[in-house]
Each structure stands twice: as structure tokens, then as C-alpha cells.
Amino acid sequence: MKKLILSLLGILLLLGSCKSPEARRPVTQKSGSYINESIERNKKIVAAQEEQILAIIENDSANTYLSSPNGFWYYYNEKDSTAANTPEFGDVVEFDYNLKTLDGETIYSREELSTRTYVMDKEKLFSGMREGLKLMKEGETVTFLFPSHKAYGYYGDKKKIGADIPVISTVTLKKITEENKNQNQ
């Protein structure tokens with residue numbers, strides 16, 4: 001009798017252990033509402049900044065503004081119709097620029113920032129400036145109006161530019177050195 005009971009227990013134990021493992025369920029489940037709220041907040045910020053920029057453009061009859069497909073606006077202070085080349089990936093550019101608030105208050109002057117040498121798309125530079133430089137020719141001066149997502153974004157520069165601050169930048173492209181010319185020298 002004991003052998004029969006032990007045999008039955010053994011068989012039941014074997015059958016019970018053959019069960020496949022069940023996935024563990026999380027204790028709490030997130031709904032994704034934080035992400036949705038963040039998206040809505042960012043849409044409102046972008047809309048408000050674009051509204052400010054469009055008001056500046058509307059009130060400035062002295063300049064002809066162009067809209068970039070990359071999400072910013074600009075006008076030429078000095079345009080060079082004779083120059084043909086714009087910077088491309090890997091080219092070295094030298095440029096001067098400043099940064100101002102949309103109210104025109106200087107954040108960084110040209111003197112503070114000094115002449116910058118930049119290898120196109122191979123070094124860190126905020127996205128609006130990278131894209132703006134690609135529109136310029138040597139010797140041109142352009143004023144850009146960047147919404148915050150094209151400038152320093154949510155984090156700012158951790159010095160003078162805070163979170164979600166749109167900027168105006170006047171840029172002079174002094175020199176373009178093509179990448180293949182750098183390699184030959």
C-alpha cells in the first residue's frame with residue numbers, strides 16, 4: 001500500500017512539474033499618460049514660439065524672411081550672388097555669430113563667442129546652426145530665428161540660455177575650406 005501511494009505521489013509530482021513556466025506580470029502598469037502629456041506640452045511650447053517668431057516677421061517690413069524646411073526662419077543681411085559653393089559634409093567653415101533673445105537682448109556677443117572653426121556635421125553644434133550654415137555661401141551674413149527645439153532645446157546651454165528659449169543669431173560665414181582640399185595639403 002505504501003508503494004502504491006508513493007508511486008501515485010511520484011506520478012503526480014512528475015505531471016505537475018511538466019507545466020510550462022508562466023510569465024510574471026508587472027505589479028503596476030503605466031498608461032503612457034506622462035509621455036502623452038509631455039508631447040502635448042511640447043506642442044504648445046513650439047506653437048507659442050512660432051507665433052512669437054511670426055509676429056516678429058510680420059512687424060519687420062525692412063527684411064525679406066525665408067522659411068527653412070528644417071523649422072526656422074532667416075533673412076540675408078549680405079548676400080553674395082557670385083559665390084557658388086555652400087558647405088557640405090566634412091568641409092571646414094569659419095564663422096562669427098551672436099545669440100540674442102527674441103526681444104533683441106544679447107545673450108552672447110560676437111566677441112564672447114569669437115570666430116568659430118567647425119567641421120561640417122562632424123562636430124557638436126546645435127541643429128539649427130548646422131542646418132543654417134549649409135544655406136550660406138562664403139562672405140554672406142544671415143540672421144536666423146530659431147525656435148528652442150532648433151537651438152538649445154529643453155536643457156539650454158547650462159550657462160546663459162535656459163530651457164526652451166528661442167534665439168536669434170546673426171552669422172557671418174568667413175571661409176569654406178572643402179574637405180578634399182584639406183586632405184591634399
Side-chain angles (χ1 to χ4, degrees), residues 45-157 159-185:
I45 289 170
V46 169
Q49 290 176 3
E50 287 180 359
E51 193 175 299
Q52 282 181 293
I53 290 171
L54 292 174
I56 291 169
I57 292 170
E58 189 176 309
N59 293 329
D60 184 3
S61 60
N63 296 301
T64 303
Y65 286 83
L66 302 168
S67 176
S68 164
N70 297 310
F72 57 88
W73 293 262
Y74 64 100
Y75 66 87
Y76 287 91
N77 301 71
E78 294 176 35
K79 187 170 179 145
D80 187 354
S81 58
T82 60
N85 295 341
T86 57
E88 296 179 9
F89 179 84
D91 291 351
V92 178
V93 294
E94 288 181 26
F95 64 98
D96 286 334
Y97 69 111
N98 65 0
L99 293 171
K100 296 179 180 181
T101 64
L102 292 184
D103 296 330
E105 294 177 33
T106 300
I107 302 170
Y108 292 109
S109 67
R110 285 181 183 267
E111 293 75 27
E112 285 179 275
L113 296 172
S114 68
T115 299
R116 171 93 191 258
T117 302
Y118 169 70
V119 181
M120 292 300 294
D121 297 326
K122 291 187 176 182
E123 295 179 45
K124 278 189 165 185
L125 189 63
F126 68 88
S127 67
M129 185 65 77
R130 275 195 320 266
E131 294 159 358
L133 286 169
K134 292 177 186 175
L135 300 171
M136 298 178 70
K137 299 175 184 172
E138 199 169 290
E140 291 184 332
T141 300
V142 177
T143 298
F144 296 99
L145 287 80
F146 298 117
S148 66
H149 67 277
K150 285 296 176 185
Y152 291 91
Y154 178 74
Y155 294 104
D157 73 344
K159 296 175 189 164
K160 293 184 177 182
I161 301 173
D164 298 321
I165 303 294
V167 296
I168 297 174
S169 182
T170 301
V171 182
T172 301
L173 183 55
K174 293 181 163 190
K175 185 178 179 183
I176 302 171
T177 307
E178 293 177 18
E179 181 181 30
N180 57 11
K181 288 184 181 177
N182 287 338
Q183 294 172 352
N184 295 336
Q185 291 178 350

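As the structure is a computational prediction, the values presented were derived from the model and not from experiment. Starting from 1, each residue takes its place in the sequence as its number.
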Of all residues at least two apart in sequence or in a different chain, which pass the salt bridge (charged side-chain N to carboxylate O under 4.0 Å, His left out) check with [X]?
{"X": "Glu94", "answer": "none"}
{"X": "Asp96", "answer": "Lys174"}
{"X": "Lys175", "answer": "none"}
{"X": "Glu140", "answer": "none"}

Margin query: Test of understanding: with side chain to side chain contact (heavy atoms under 4.5 Å, CB included), list the residues that count as partners of Lys159, not counting sequence neighbours.
Written below: Tyr108, Asp157
Checklist line | Set of residues satisfying side chain to side chain contact (heavy atoms under 4.5 Å, CB included) with respect to Tyr155, sequence neighbours excluded | finding: Lys158
Next item on the list: Please round to the nearest 0.5 Å and tell me the distance separating atom OG1 of Thr172 and atom CE of Met136.
Entry: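 If I round to the nearest 0.5 Å, the distance is 6.5 Å.
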Could you pull out all donor-acceptor pairs under 3.5 Å where a side-chain atom in residues 68-75 meets a protein atom, sequence neighbours excluded?
unit_1: Ser68; atom_1: OG; unit_2: Asn70; atom_2: N; d: 2.9

What are the two closest heavy atoms between [X] and [Y], and how far apart are they?
{"X": "Ile107", "Y": "Glu112", "value": "O-OE1, 3.8 Å"}
{"X": "Asp121", "Y": "Arg130", "value": "OD1-CD, 3.7 Å"}
{"X": "Pro166", "Y": "Pro147", "value": "CB-CA, 3.9 Å"}

Notebook entry, point to check: Does Lys137 have any side chain to side chain donor-acceptor pair (under 3.5 Å) partners at least two apart in sequence or in another chain, and if so, which?
Noted result: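 Listed in chain order: nothing, the list is empty.
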Note to self: So, using side chain to side chain donor-acceptor pair (under 3.5 Å) as the criterion, who are the partners of Arg116 when residues are at least two apart?
What the structure shows: none
Next item on the list: Keeping to residues at least two apart or across chains, list the ring pair (Phe, Tyr, Trp, His ring centres under 6.0 Å) pairs with something in residues 109-129.
Entry: Phe126-Phe146, Phe126-Tyr152
Item checked: Of all pairs that satisfy salt bridge (charged side-chain N to carboxylate O under 4.0 Å, His left out), the ones with a partner from residues 65-77, not counting sequence neighbours ->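 Listed once each, the pairs would be none.
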Notebook entry, point to check: Applying the side-chain contact (heavy atoms from CB on, under 4.5 Å) test to Val93, which of Val119, Leu173, Thr86, Thr117 qualifies?
Noted result: Leu173
Next item on the list: Compare all side-chain heavy atoms of Leu135 with those of Val142 and state whether any distance is below 4.5 angstrom.
Entry: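 No - every pair of side-chain heavy atoms lies 4.5 Å or more apart.
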Notebook entry, point to check: Under the side chain to side chain donor-acceptor pair (under 3.5 Å) rule, what pairs show up with a residue in residues 45-58, not counting sequence neighbours?
Noted result: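 Pairs touching residues 45-58 that pass the test: Gln49-Ser148.
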